[in-house]
Each structure stands twice: as C-alpha cells, then as structure tokens.
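All values below were derived from every heavy atom in this structure, side-chain atoms included, with hydrogens, water molecules and symmetry-related copies excluded. Chain identifiers are assigned alphabetically (A, B, ...) following the order of the sequence lines, protein sequences preceding nucleic acid strands; residue numbering begins at 1 within each chain.
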There are 2 protein chains.
Amino acid sequence: MKYAGFLLHLKKFIELDEEEENILIAAFHYQEIRKKEHVLQEGQVCTSYYFILKGCFRSYFINENANEQVVQFGIENWWITDYDSLLSQRPSFFSIQAIEASEVVRIDKKVMDELFLKIPRLERYFRIVLQRTYAASQMRIRYLYGMTAEERYEHFHSLFPEFVQRVPLYMLASYLGFSPEFLSRIRARKNV
Amino acid sequence: MKYAGFLLHLKKFIELDEEEENILIAAFHYQEIRKKEHVLQEGQVCTSYYFILKGCFRSYFINENANEQVVQFGIENWWITDYDSLLSQRPSFFSIQAIEASEVVRIDKKVMDELFLKIPRLERYFRIVLQRTYAASQMRIRYLYGMTAEERYEHFHSLFPEFVQRVPLYMLASYLGFSPEFLSRIRARKNV
DNA sequence: GAAAGAAATTGAACCAGATCAAGAATACTC
DNA sequence: GAGTATTCTTGATCTGGTTCAATTTCTTTC
C-alpha cells in the first residue's frame, strides 16, 4: 500500500491506532512527481506540506547573478515545504523541484491544521522532527563558516557518499556554497 | 512575578489553566546571567533549554582561523539552546554566551521530557515555535547566498535597527558572514 | 578619573574562489 | 542511434572580501 512507508515512519515517533491511520490516509494525497517537476515556484504561495516517500528534491532560488542557489535537499522520509510562505501565506522566496522521479504524500495546510486537532499526538511528532531539522540547519552553518570549500566537500562526501552520486554536481556545489567550476577543480585535484 | 512574561508568551500560543501554570513554574528555574557569562561551552554536553526573559545571547564557535563565528542571536521571548547536543547528548559544537546582563528561565532536558507528558499542549507550542525558527534559519541562508555583504548589512539594519546598536559590530559582522574590518568599511562608505 | 582592556578604524598586500568562455562528455528523446 | 540538451571540465583573468598590523576610540574597573 502506498502509504505504508509513511505510516511506518510516523510510528517510529508516535503511536497510532487504526482509526487514526485511516484519518491520516484520508487527509494525505499520494502523488507522483516527474523529474524536474516543480511542486512550488518562487512567487507562489506555498499551500502544502510534502513528505517524500521516494526520490529527491531541492529547494532553491535565483540569486542576483541569475544562478540557481540550492537552499535545501530533501530525500526519502523527510518533509519538504517552504515554512515561511506556508505559515505567512505570502509568496514564496523559494522554488521546490524534484531532482529525480519521485513519490510524495501531500497535505494541504488547512487540512493539516484540522489534523493537529483530530490527532494531537502529531504535534509531538512534528516537534521532534523540527528539532532535528533545525539542529541540522545550525550544523550546516557551522560547516559553512568553519571549513574551507574543499573541506566542506570532503566532509559532505564522507557523510553521504551515495547522495553525492545522486545529485548533479552543480547543485551540490551550490548547496555547499561555491561554484560548480570550483567543485570540478576540487575533484580534479583529488583524482591525480 | 518573575515568570509572568514567560507565561504570557506561552499563552499567545496555547491555553494554560492554573494548575498547569504551577507545574510550569515548578519545572523552570529563573536565573540571572551576567554579561559575557556562558551558559554552554563548546565541548560540554548541553543539558538545558533557555527561554530569554531579558537580554541578549549569541551562540558561536571558534573557526579554523581562531575567530569567533556567530551562528545565532537570541533576544527576549526566544529560546536558545544547542539542539544537536541536547538531543544527542554528545559534546556541543557551539558555545552560548550572554552579550548583555540577562535573565532566563532554564529547564533541564529530562524535566522537559516529563513536562511534555504532563502538559501535552506544550508539544503544540514548540511545534509552532520551531516552524518559525526553522523558517527564519532558511531565510538567513537565502540572504547569505542571494545578497552581497553590503546588501546583507543594509537589509539586516533595516529590519532590526535597534538590534544593530545593541550588539558589538564584530559579532554582527560574523553573523552576517564577513569580517569586522569589512563591516567597518561598509559603515565608513555610508557616512561620507 | 587613570589605567587597562575591549572594540572599532584604516591602510596595504594578498588570495580563495568567482566569472567568463569554449570545448568535451553524458544523458535524454524521438 | 542521431541529434539535441544538459552537465562537466579546463584555462585565463579578475575581484569581493580577508588578513595583518598599527592606531584610535570607547568601556570597564578599581
């Protein structure tokens, strides 16, 4: 069943009885997303939370030099959305795009708000997930400021070797805070 | 009463009856922190959450050039802690220090875990606060990558004019991602 | 209120990484 | 499987911001 992985993930954090599972399944929409398809475009108001069942996403924006700047990656069992736009209901500063053919379960903000009232234990789940997500984001700043470009790449590569293969080099470079050309040079240096 | 501001803040997000208020007051410790005093030192395990009643904090680390790098500021009505260390109970990568004479309420991680069971509505409160905190952290990355150093300063200055007066220039420079000398030059340019 | 310490300024030299441009490899697509 | 579109590489040049060092101003502290 399409929701199995999602429910399994939730159950790692909170208990759910059968009725609650059914409420969840009714609230979330399963959706396949093609490679390069956007679920959010810069300037639109973000209306949904997305839980990634399969595949890989990035959130990014176009900077002043007309380059795409990757702000965040999302893979299996992570949420991806633009919280700023979602909460304020103002136009988004980010775009969110599938890097690979992907599968998600999507839920509308309004439906989610109701769901929190129906299943208050979900608050706990999201509290825990957001603590981790925020911790990861702090750690990223730590690496951005505490390491050189080359060290950042090395470090990321050692932590997520398979992921480095999975995304285009120019997106990874952007995420790590330097130009694709520079990453290409780092690699060239290593391979000699 | 010392906890008044804290309870008032919580009540903006969730309802609390008198019994719950008493449980909260019993769980949290009021504490005055002197200017430059640390509540966490890099390498220690972080054991507490801090809610800032009054004053101003920074979390920072020492980078490879032996410079202090500011990762986050915290002011009145914000939480400050190192979630990574707090959750994993591993030594912290950050130090947390009062920039001014400050007042906080502190709660131990263990006590907090119990508190979530006693007052489950707190999960909701933290879920909401963490969404906002994470959104702010994403937005910061957006500005770091999407603007030049000077634009970042301008932007920050226009958003938080009073705060710019409040913290030493070299900490602000570090937070915005450049050297204190460079911020000094930006200011010099403006004042001509 | 003098002395010491901390923070801010200024100048000069330098460099990590960016940008531009052009070509080479991969990967889709029909 | 030919053709087109992406992605990656490499070289040459350039620059936003750093680093180092010296001086000045502002804050503490006793």
**Minimal non-hydrogen separation, B/Lys109 against B/Leu86, with atom names** = CE-O, 3.2 Å
**Prompt:** If you check the A/Phe178 side chain, which of D/dT19, D/dT18, C/dA18 turns out closest?
**Reply:** C/dA18
**Request:** Can you tell me the distance, in whole Å, between the CZ atom of B/Arg189 and the C1' atom of C/dT10?
**Result:** 13 Å
**Request:** Return yes when atom CZ of B/Phe93 has more than 12 non-hydrogen atoms of other residues, nucleotides or ligands closer than 6.0 Å, and no otherwise.
**Result:** no
**Prompt:** For the side chain of A/Thr148, counting heavy atoms from C-beta on, which of C/dA8, D/dT7, C/dG17 is nearest?
**Reply:** C/dG17
**Request:** Among D/dT7, D/dT19, D/dG17, find the nucleotide with the atom closest to the side chain of A/Tyr170.
**Result:** D/dT7
**Request:** Indicate whether OP1 or OP2 belonging to D/dT19 is found under 4.0 Å from a side-chain N or O atom of B/Asn65.
**Result:** yes
**Request:** Nearest whole angstrom, please: distance from the P of D/dC8 to the CD of A/Glu68.
**Result:** 12 Å
**Fill in**
Per nearest nucleotide of DNA chain C, the residue lying toward the 5' end, B/Met171 or A/Met147, is B/Met171
**Length of the line joining A/Glu100:CD and C/dC28:P, which is rounded to integer Å** = 11 Å
**Request:** Write down the distance between CG (B/Leu172) and P (C/dA7), rounded to a whole number of angstrom.
**Result:** 14 Å
**Prompt:** Within this structure, what is the CG-to-P distance between A/Asn67 and C/dT19, rounded to whole angstrom?
**Reply:** 6 Å
**Prompt:** Under 3.5 Å, is there a donor-acceptor pair between the A/Ser174 and A/Gln69 side chains?
**Reply:** yes
**Minimum-distance nucleotide (side-chain atoms of B/Glu181 versus C/dT19, D/dT6, D/dT19)** = D/dT19
**Fill in**
Among the nucleotides C/dT9, D/dT18, D/dT19, whichever has the atom closest to the side chain of B/Leu169 is C/dT9
**Fill in**
note: B/Ile186, atom CD1; C/dT9, atom P; distance rounded to Å ~ 11 Å
**Message:** Between A/Arg185 and B/Gly177, which residue's closest nucleotide on DNA chain D lies nearer the 5′ terminus?
**Reply:** A/Arg185
**Fill in**
Ranking A/Lys36 and B/Arg152 by the position along DNA chain D of their nearest nucleotide, the one closer to 5' is A/Lys36
**Asked** To the side chain of B/Pro168, which of D/dA21, C/dA6, C/dA8 is closest?
**Response** C/dA8
**Message:** Rounding to an integer number of Å, can you tell me how far B/Leu183 CG sits from D/dG17 C1'?
**Reply:** 13 Å
**Prompt:** Whole-Å distance between C/dG17 P and A/Leu176 CG?
**Reply:** 12 Å
**Prompt:** When you measure from the side chain of B/Ser184, which nucleotide among C/dA8, D/dT18, D/dA12 comes out closest?
**Reply:** C/dA8
**Item:** same_hphob_cluster(A/Val70, A/Tyr145) at 4.5 Å side-chain heavy-atom cutoff
**Value:** no
**Complete:** The nucleotide from C/dC20, C/dC28, D/dT19 with an atom nearest the side chain of A/Lys35 is C/dC28
**Message:** Main chain of A/His29, side chain of A/Arg106: is a donor-acceptor contact present, judged purely on distance under 3.5 Å?
**Reply:** no
